[in-house]
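To start, the structure under review is shown below, and the notes come after it.
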Amino acid sequence: MTTEKVNDLEIINLADYFDPKYFRLVPADLAHIPGGISEVPVHLNIHPDFAKHLTFDTNNLQHFFAFAIMGKELRKINKSDYYSPERSGFLKMVELNDCGDLWIIKFEFFDDTKKLYAVKMEDVPPILNNCRKPLLSLETGF
């Protein structure tokens, strides 16, 4: 996506959607296992330079998998308190993509529709630095 298109997106406050207390990173080999009934899958794609904003070792990974318990704003988007993969049109996953000063947040729905917004880069580190993280493993990479 071009810089102009990113700059045209509505900017939302990431903390309105994710609370670090209810956000957890998971190893890649566990990302395919469903989370809890109130958790939505989250994928994060970061540039290598972004790691300097993090307080933990990323092992040079640029793709992270996570689950987030849906807060008020995510429940509004999902139209339900619970994550339900059987219900068409409801939230399927959230993706965050590092585009520098602004990140793209994409909400994907089971009916194959998407909503794109932007978040400020400085909103991302507090979520990742203060969330639950798996024990690092040399075999799995994270």
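For this chain, numbers begin at 1 and follow the sequence in order. All values below come from the heavy atoms of this structure, side chains included, with hydrogens, waters and symmetry mates left out.
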Hydrophobic cluster identity match, Leu30 and Phe65, side-chain contacts under 4.5 Å: no
Closest non-hydrogen atoms of Phe67 and Ala31, given as atom of the first, atom of the second and distance, are CZ-O, 4.0 Å
Distance col, row Glu122:CD vs Trp103:CH2, nearest 0.5 angstrom, shows 11.5 Å
Q) Could you go step by step and tell me if Met70 and Glu39 meet the side-chain contact (heavy atoms from CB on, under 4.5 Å) rule? A) CA-CA 6 Å; Met70 289 187 287; Glu39 289 184 313; over 6 Å; no
(Q) Quiz question: by atom type and distance under 3.5 Å, do the side chains of Asn60 and Gln62 form a donor-acceptor pair? (A) no
Test side chain to side chain contact (heavy atoms under 4.5 Å, CB included), reference Ile46, set Asn97, Asp98, Leu96, output is Asp98
Contacts of Lys76 meeting salt bridge (charged side-chain N to carboxylate O under 4.0 Å, His left out) (sequence neighbours excluded), chain-then-number -> Glu73
Can you tell me how the ring of Phe107 sits relative to the ring of Tyr17, calling it parallel under 30°, perpendicular over 60° and tilted otherwise? tilted
Interatomic distance, CZ@Phe109 vs NZ@Lys92, rounded to 0.5 Å, equals 12.0 Å
On a heavy-atom basis, the closest approach of Ala118 and Ile105 is N-CG2, 4.3 Å
Are Val42 and Leu14 joined in one hydrophobic group, where the rule is that I, L, V, M, F, W and Y side chains link up if heavy atoms are under 4.5 Å apart? yes
- prompt: Does some side-chain heavy atom of Ile127 sit less than 4.5 Å from a side-chain heavy atom of Phe18?
  reply: yes
Exercise. Determine, using the 4.5 Å side-chain heavy-atom cutoff (strictly less than), whether Ile77 and Ile69 are members of one ILVMFWY cluster.
Key: no
### Task
Quick one: do Phe90 and Phe110 satisfy ring-ring contact (aromatic ring centres under 6.0 Å, His included)? Show the steps, please.
CA-CA 6 Å; Phe90 288 69; Phe110 282 106; 8.6 Å; no
Requested in this report: Go through Lys21 and Arg132 one step at a time and tell me if the side-chain contact (heavy atoms from CB on, under 4.5 Å) criterion holds.
Outcome: CA-CA 7 Å; Lys21 293 181 288 196; Arg132 291 177 285 156; over 6 Å; no
| field | Same cluster (ILVMFWY, side-chain, under 4.5 Å), Val40 and Tyr22 | value | no
query = Are any side-chain N or O atoms of Asn59 and backbone N or O atoms of Leu61, one a donor and one an acceptor, separated by less than 3.5 Å?
reply = no
So NZ of Lys114 and CD of Glu95: to nearest 0.5 Å the spacing works out to 9.5 Å
Using modelled atom types only, decide if a donor and an acceptor are shared between the side chain of Lys133 and the backbone of Asn129 within a distance under 3.5 Å.
yes
Is there a side-chain contact (heavy atoms from CB on, under 4.5 Å) between Lys106 and Val94? Walk through the geometry before answering. CA-CA 6 Å; Lys106 176 172 64 171; Val94 179; over 6 Å; no
### Asn13 atom CG, over 12 foreign heavy atoms within 6.0 Å
yes
Point to revise | Any side-chain heavy-atom pair of Phe64 and Thr58 under 4.5 Å | key: yes
Rounded to the nearest 0.5 Å, the CZ atom of Arg75 sits from the OG atom of Ser38 at a distance of 9.0 Å
Within the structure provided, determine whether Cys131 and Leu25 are in side-chain contact (heavy-atom separation under 4.5 Å). yes
Distance-only, no hydrogens or angles: does the Asn78 side chain make a donor-acceptor pair with backbone N or O of Leu91 under 3.5 Å?
-> yes
Same cluster or not: Ile104 versus Ile11, using hydrophobic residues (I, L, V, M, F, W, Y) connected whenever any side-chain heavy atoms lie under 4.5 Å apart?
yes
Interatomic distance, CG@Leu128 vs CG@Leu44, rounded to 0.5 Å, equals 5.5 Å
Query raised in the report: For the side chain of Asn130 and the backbone of Pro126, is there at least one donor-acceptor N/O pair under 3.5 Å apart?
Result: yes
(message) Does Lys115 form a salt bridge (Lys or Arg N to Asp or Glu O under 4.0 Å) with Glu108? I'd like the steps, not just the answer.
(response) CA-CA 7 Å; Lys115 288 185 180 181; Glu108 280 189 33; over 6 Å; no
TODO: Decide yes or no on side-chain contact (heavy atoms from CB on, under 4.5 Å) for Val124 and Phe50, but give the supporting numbers first.
DONE: CA-CA 10 Å; Val124 181; Phe50 180 74; 3.7 Å; yes
